[in-house]
Peer 1: 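Mind having a look at this structure? Questions to follow.
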Amino acid sequence: MELSKNYIPGEVETKWYKHWVDNGYFHSEPNEKKAYTVVIPPPNVTGVLHMGHCLNNTIQDILVRRARMQGYNPCWVPGTDHASIATEAKVVAMLRERGITKSSLSRDEFLGYAWEWKEKYGGIILQQLRKMGCSLDWERTSFTMDPAYYESVIKVFIDLYNKGKIYRGKRMINWDVRAKTALSDEEVIHKEVNGKIYHLRYKLDVPGEEYITIATVRPETILGDSAICVHPDDTRYSHLVGKFAFVPLINRRIPIIADDYVEIEFGTGALKVTPAHDMNDFQLGQKYNLEIIDTMNDDGTMSEAAQLYIGQDRIEVRKPIIKDLEAAGNLVKIEDYVHQVGFSERTDAIVEPRLSLQWWVDMKQLAAPALDVVMSDEISFHPAKFKNVYRHWMENIKDWCISRQLWWGHRIPAWYDEDGNVYVEASIEKVNEKYPETKGKTLTQDSDCLDTWFSSWLWPIEVFKGMSNPGNAEINYYYPTSTLVTAPEIIFFWVARMIMAGEEYMGKIPFKDVYFTGIVRDKQGRKMSKSLGNSPDLLGLIDQYGADAVRFGIMIASPAGNDLLFDDSTIEQGKNFNNKLWNATKLLKMWETRQNKEGVIPQDAAFAMDWFQAKLSATQLQVDEMLKTFRLSEALKTIYGLFWDDYCSWYLEWIKPGFEQPIHQGVYEKTLEFYDALLQLLHPFMPFITEEIHHTLKAQTEDLCVKAYTSPTHVDESVLKAGELLQNVISTLRDARNKNQIKPKDAIELHIQTELNAPYQIIQNILTKQVNAASVQYTSAAIGSSIVVALEKDKFYIVADQAIDTASLKENLLKDLAHQQGFLVSVDKKLGNEKFVQNAKPEVLAIEQKKKADAIARIQTIEESLAQL
RNA sequence: GGGAGCAUAGCUCAGUUGGUUUAGAGCACCUCGUUUACACCGAGGGGGUCCGCGGUUCGAACCCGUGUGCUCCCA
């Protein structure tokens with residue numbers, strides 16, 4: 001069979017993915033083997049694959065595929081998250097396009113549309129993961145609103161409520177005016193914004209005094225002011241404390257109070273207090289029993305209570321109110337001011353602090369055990385620096401607002417009677433059963449849904465039905481899971497809470513290792529985002545370069561724990577690597593029909609084989625160590641180098657038969673074996689091409705995907721050393737050939753002057769071939785009219801037809817000499833230092849002495865060579 | 001404002017308890033080369049005040065202090 005000139009990934013990838021799935025390689029059932037469990041961070045059901053997913057899932061696939069080849073029973077569970085806000089927003093947008101408003105629909109009608117949308121468009125991302133080669137167990141695909149999952153979430157709510165860990169309370173919350181729902185603190189993104197600070201003067205109700213001036217960035221909130229606050233030590237204002245001022249435009253009389261919360265230096269030192277619209281002002285309001293005047297509707301427009309601008313958006317009111325304040329003589333000045341503003345993670349609306357009755361989880365009790373397991377390394381974070389971040393958050397944890405004013409999600413199982421009493425149970429029947437006094441009363445269910453993360457925190461448990469069917473065979477076998485791979489952005493949203501749920505409901509950690517990926521950025525270091533339009537089209541890249549090349553590109557650029565600056569060029573490199581692999585395959589296929597079964601393996605080939613075996617084994621051990629410590633990028637680089645440099649550039653050239661010459665069968669077979677071992681190492685990173693080549697090299701009984709790793713043999717250090725010497729001599733001589741412009745085709749005569757011939761004799765045949773020597777001889781004296789180069793203590797004389805460029809030879813030797821002399825000086829300085837000789841460890845001293853001796857010998861060699869010129 | 005982290009070649013990064021030949025890799029760059037696996041290639045090469053300053057030490061890219069610049073998290 002003729003192999004194509006270059007590797008073409010498209011069909012190959014489709015073919016093998018289907019083959020793997022058809023053979024059930026990705027499906028797991030509990031068995032006698034050790035489990036290796038990974039649960040996917042469930043992407044939003046609305047999601048489409050982006051670079052972050054690509055990185056994240058490639059890493060998971062590498063770990064899972066490796067575990068499979070190591071003989072574990074790996075189980076990688078796919079699924080999606082219902083993503084309440086994001087999905088509800090999409091459904092609302094879809095309805096709007098059809099001319100339907102959400103408010104015109106009943107809850108059930110709306111949910112009907114939402115489910116319809118989910119079935120039709122949801123989970124595209126799972127199809128896209130197949131294109132990437134992810135070895136997910138598709139039979140286990142889960143969704144956070146599957147019936148059993150839904151019940152489990154409700155069960156957990158009721159349980160925590162009964163334990164007193166969930167309560168209902170009126171507090172300041174973050175309000176998303178676009179989605180019209182509460183948000184948790186974690187869902188608010190703080191961004192720096194260029195704004196203005198307005199100095200406004202309030203008329204005083206004090207004889208003889210005219211005004212007090214305050215500074216604010218939010219002039220539209222003055223309509224809700226209920227006090228002015230100054231610092232008790234601020235002498236500018238101390239005489240005003242206890243007096244009153246009038247809110248501009250509406251002339252409400254408000255008290256002037258003193259509290260050390262106010263910073264004297266900031267602004268004018270006088271602060272307007274608006275308890276309904278600022279977290280800190282709310283605290284002050286509580287402390288001094290101030291009136292709470294909510295001047296905003298749930299959609300962010302001004303309410304009746306504001307008296308003015310009713311129905312207009314609070315941000316848009318800023319312009320007219322400043323105009324009116326100016327006209328009324330209250331505006332003193334406007335300055336530029338940079339400050340932090342909170343935005344909704346989901347809708348990007350400016351978040352408003354708002355007093356509201358919501359459901360909360362008491363986090364203090366849940367946090368304690370979850371902090372311990374991370375600090376004690378029962379759960380290991382990679383990189384470990386995230387332990388600090390985690391601890392800081394857990395030690396300063398606040399209660400979790402879990403109610404959302406949405407319909408898409410798990411509906412809060414709380415029922416209210418006409419008197420406002422609350423009953424928490426799964427259904428109206430259960431309420432009646434448990435609280436007989438409610439029979440016959442009208443009960444209304446809470447209309448709110450739970451925060452999405454209130455279901456995601458059960459993910460590692462409920463994908464194995466550990467909540468809905470506790471103690472079943474699967475949860476016992478697969479839980480705790482092995483490694484969680486996720487973005488550091490959701491360490492609090494998700495990772496911390498899964499640990500809490502694991503401790504609370506399983507009494508066990510949910511996973512042993514957490515690998516935090518970097519954030520994917522563009523070439524300029526900017527985060528990938530829709531608005532910047534800097535996210536590459538992933539599926540387009542896969543079509544263009546193949547999934548293997550994309551996986552290679554993203555992994556090679558992705559050091560553990562660091563952000564990844566994405567650039568097409570690494571994918572290009574991945575494509576080139578594919579071709580290199582492919583061309584090596586073509587070379588071996590050419591040899592297949594030229595095997596010689598007679599005689600013994602030639603000595604030089606035997607050396608090359610021993611050398612590569614040692615190199616391979618050493619690298620296998622290295623890669624193993626790297627993967628154990630999650631240094632995936634380094635492991636890939638190591639494998640890349642082993643294949644490209646050691647196998648292709650050195651080994652294959654060393655065993656390559658001469659023009660139209662046969663290759664010994666033993667050498668050929670060993671060479672295939674080596675290649676297959678390389679493919680195994682590479683398979684977790686680049687699954688498709690490795691499987692394809694595995695089958696192209698020869699007829700196989702087993703697929704690479706499920707083939708057990710070959711173990712490394714004993715590493716023969718002396719063979720490695722001999723190989724290194726060979727490489728150094730070849731490079732040195734090639735360099736000399738290059739610099740003296742000896743054409744590759746022109747053969748040279750090589751004379752070696754060395755104390756010990758033996759090491760050269762082992763490698764002589766290969767050396768002859770690699771530097772195109774007509775002959776290799778050993779000499780104890782200088783060879784006249786030759787090019788001389790030095791390597792360590794040995795000298796090499798090259799006799800060629802070429803005229804010798806003495807000047808450049810001399811220049812090179814002098815350069816080398818200067819370097820060696822400089823080196824000798826530094827070593828001498830050390831050895832001449834009495835304190836060094838006294839304090840240094842004996843082995844360090846010995847090394848320095850050897851360095852010195854070697855340097856002297858090298859200098860002598862170079863000087864002799866110079867003298868001979 | 002509080003906390004965490006980073007700064008090594010043009011770029012992206014290694015550099016393990018301070019001593020392993022006066023710092024390594026990949027990519028990019030330069031020179032040479034189309035010899036039947038591969039120009040998506042081969043051979044070779046150049047390139048660094050290890051952010052600045054101070055300290056500890058016989059010895060510092062590595063430890064300590066300090067300054068500068070950048071990133072992230074929290075308020």
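A note on names: the letters A, B, ... follow the listed sequences, proteins ahead of strands, and every chain is numbered from 1. Just the heavy atoms: all of them, side chains too, but no hydrogens, waters or symmetry mates, feed the values below.
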Peer 1: Nearest to the side chain of A/P744, heavy atoms from C-beta on, is which of B/rA4, B/rU35, B/rA37?
Peer 2: B/rU35
Peer 1: Taking the side chain of A/Q573 as heavy atoms from C-beta outward, which of B/rA4, B/rG19, B/rG26 is closest to it?
Peer 2: B/rG26
Peer 1: Need one value for A/F492: base, sugar-phosphate or nothing, where a base atom within 4.0 Å counts as base even if backbone is also close, heavy atoms only.
Peer 2: sugar-phosphate
Peer 1: Are any side-chain N or O atoms of A/D399 and backbone N or O atoms of A/W360, one a donor and one an acceptor, separated by less than 3.5 Å?
Peer 2: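 No: the side chain of A/D399 does not pair with the backbone of A/W360.
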Peer 1: Going by the angle between their ring planes, with limits at 30° and 60°, are A/F516 and A/F381 parallel, tilted or perpendicular?
Peer 2: perpendicular
Peer 1: Below 4.0 angstrom from OP1 or OP2 of B/rC41, is there any side-chain N or O of A/N576?
Peer 2: yes
Peer 1: Can you tell me if A/Y640 touches the phosphate of B/rC27, counting only side-chain N or O atoms and a distance under 4.0 Å to OP1 or OP2?
Peer 2: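 Affirmative; the distance criterion is met.
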Peer 1: With a 3.5 Å cut-off and no angle check, do the side chains of A/Y651 and A/T671 form a donor-acceptor pair?
Peer 2: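 Checked: A/Y651/A/T671 side chains pair up, N/O donor to acceptor below 3.5 Å.
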Peer 1: Touch check for A/K398, heavy atoms < 4.0 angstrom, all strands: base, sugar-phosphate only, or nothing?
Peer 2: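 A/K398: backbone/sugar contact only, no base atoms under 4.0 Å.
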Peer 1: When the P atoms of B/rG47 and B/rA23 are considered, how many whole Å apart are they?
Peer 2: 12 Å
Peer 1: Nearest to the side chain of A/K815, heavy atoms from C-beta on, is which of B/rA37, B/rG44, B/rG46?
Peer 2: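 Closest nucleotide among those given: B/rG46.
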Peer 1: Given B/rU21, B/rU35, B/rG44, which nucleotide is nearest the side-chain atoms of A/K851?
Peer 2: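 Shortest atom-to-atom distance from the side chain points to B/rU21.
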Peer 1: Verify the distance criterion only: is there a donor paired with an acceptor across the side chains of A/N583 and A/K586 at less than 3.5 Å?
Peer 2: yes
Peer 1: Checking the side chain of A/D548 only, and the main-chain atoms of A/F688 only, is there a donor and an acceptor separated by less than 3.5 Å?
Peer 2: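 Checking the backbone N and O of A/F688 against the side chain of A/D548, a donor-acceptor pair under 3.5 Å is found.
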Peer 1: In whole Å, what separates the C1' atom of B/rC11 from that of B/rG52?
Peer 2: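 These two C1' atoms come out 23 Å apart once rounded.
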Peer 1: Do the side-chain N or O atoms of A/K5 get closer than 4.0 angstrom to the phosphate oxygens (OP1, OP2) of B/rA39?
Peer 2: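 Result: yes.
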Peer 1: A quick test of your reading: do over 12 heavy atoms of other residues, nucleotides or ligands sit less than 6.0 Å from CD of A/Q741?
Peer 2: no
Peer 1: From C-beta outward on A/K385, which listed nucleotide comes closest to its side chain: B/rA14, B/rG5, B/rA37?
Peer 2: B/rG5
Peer 1: Considering every strand and a 4.0 Å limit on heavy-atom distances, what is the contact class for A/Q821: base, sugar-phosphate, or nothing?
Peer 2: nothing
Peer 1: If you look at every strand shown and take non-hydrogen atoms under 4.0 Å, does A/R858 touch a base, only sugar-phosphate, or nothing?
Peer 2: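 Base contact - A/R858 has a heavy atom under 4.0 Å of at least one base atom.
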Peer 1: What does A/S649 touch in the nucleic acid at a heavy-atom separation under 4.0 angstrom: a base, only the sugar-phosphate, or nothing?
Peer 2: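 Sugar-phosphate: the residue A/S649, judged by heavy atoms under 4.0 Å, touches backbone atoms but no base.
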Peer 1: With a non-hydrogen cut-off below 4.0 angstrom, is A/D735 in contact with a base, only sugar-phosphate, or nothing?
Peer 2: sugar-phosphate
Peer 1: Pull out every protein N or O sitting under 3.5 Å from an N or O of nucleotides 57-63 of chain B, one pair per line with the distance.
Peer 2:
{"from": "B/rC58", "atom 1": "O2'", "to": "A/N833", "atom 2": "ND2", "distance (Å)": "2.4"}

Peer 1: Could you tell me whether a side-chain N or O of A/N833 sits under 3.5 Å from a main-chain N or O of A/K835, the two making a donor and an acceptor?
Peer 2: yes
Peer 1: Taking the same atom, P, in B/rU21 and in B/rU16, what whole-Å distance lies between them?
Peer 2: 14 Å
Peer 1: When you measure from the side chain of A/D377 to the backbone of A/S380, do you find a donor-acceptor pair of N or O atoms at a distance under 3.5 Å?
Peer 2: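 No: the side chain of A/D377 does not pair with the backbone of A/S380.
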Peer 1: Which nucleotide in the list B/rA14, B/rC38, B/rG44 gets nearest to the side chain of A/S731?
Peer 2: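 For A/S731, the side-chain atoms sit closest to B/rG44.
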Peer 1: How is the base pairing of RNA chain B summarised as a dot-bracket string, given the Watson-Crick and G-U wobble criteria with both distances under 3.5 Å, [ ] for crossing and | for another strand?
Peer 2: (((((((..((((.....[....)))).(((((.......))))).....(((((..]....)))))))))))).
Peer 1: Could you check which of B/rC13, B/rG44, B/rC38 has an atom nearest any side-chain atom of A/N583?
Peer 2: B/rC38
Peer 1: Among B/rG26, B/rU21, B/rA4, which is the nearest nucleotide to the side chain of A/N388?
Peer 2: B/rA4
Peer 1: Of the nucleotides B/rU35, B/rG42, B/rG19, which has the atom closest to the A/K580 side chain?
Peer 2: B/rG42
Peer 1: Distance between the C1' atoms of B/rA75 and B/rA14, in whole angstroms?
Peer 2: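 That atom pair is separated by 37 Å.
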Peer 1: Using whole Å, report how far NZ of A/K743 lies from P of B/rG42.
Peer 2: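 The distance from NZ of A/K743 to P of B/rG42 comes to 23 Å, rounded to the nearest Å.
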Peer 1: Mind checking the P distance from B/rU8 to B/rA4? Whole angstroms is fine.
Peer 2: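 That atom pair is separated by 22 Å.
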Peer 1: Figure out the CG/P separation between A/L632 and B/rC13, and round it to whole Å.
Peer 2: 16 Å
Peer 1: When you check the phosphate oxygens OP1 and OP2 of B/rA37, does a side-chain N or O of A/K656 lie under 4.0 Å from one of them?
Peer 2: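 Answer yes for this pair, as a side-chain N or O of A/K656 is under 4.0 Å from OP1 or OP2.
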Peer 1: Decide whether A/Y675 and A/T585 meet the rule of one side-chain donor and one side-chain acceptor closer than 3.5 Å.
Peer 2: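 Short answer, yes.
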Peer 1: Would you say CD of A/E11 has more than 12 non-hydrogen atoms from neighbouring residues, nucleotides or ligands within 6.0 angstrom?
Peer 2: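 Incorrect, the count does not exceed 12.
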Peer 1: Mind checking if A/W644 touches a base, just sugar-phosphate, or nothing, with heavy atoms under 4.0 Å?
Peer 2: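 Sugar-phosphate contact only - A/W644 comes under 4.0 Å of backbone atoms but never of a base.
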Peer 1: If the C1' atom of B/rC63 is compared with that of B/rG42, how far apart are they to the nearest Å?
Peer 2: 46 Å
Peer 1: Are the side chain of A/K398 and the backbone N or O of A/M363 linked by a donor-acceptor pair below 3.5 Å?
Peer 2: no
Peer 1: Write down the distance separating the P atoms in B/rC29 and B/rG69, rounded off to the nearest Å.
Peer 2: 34 Å
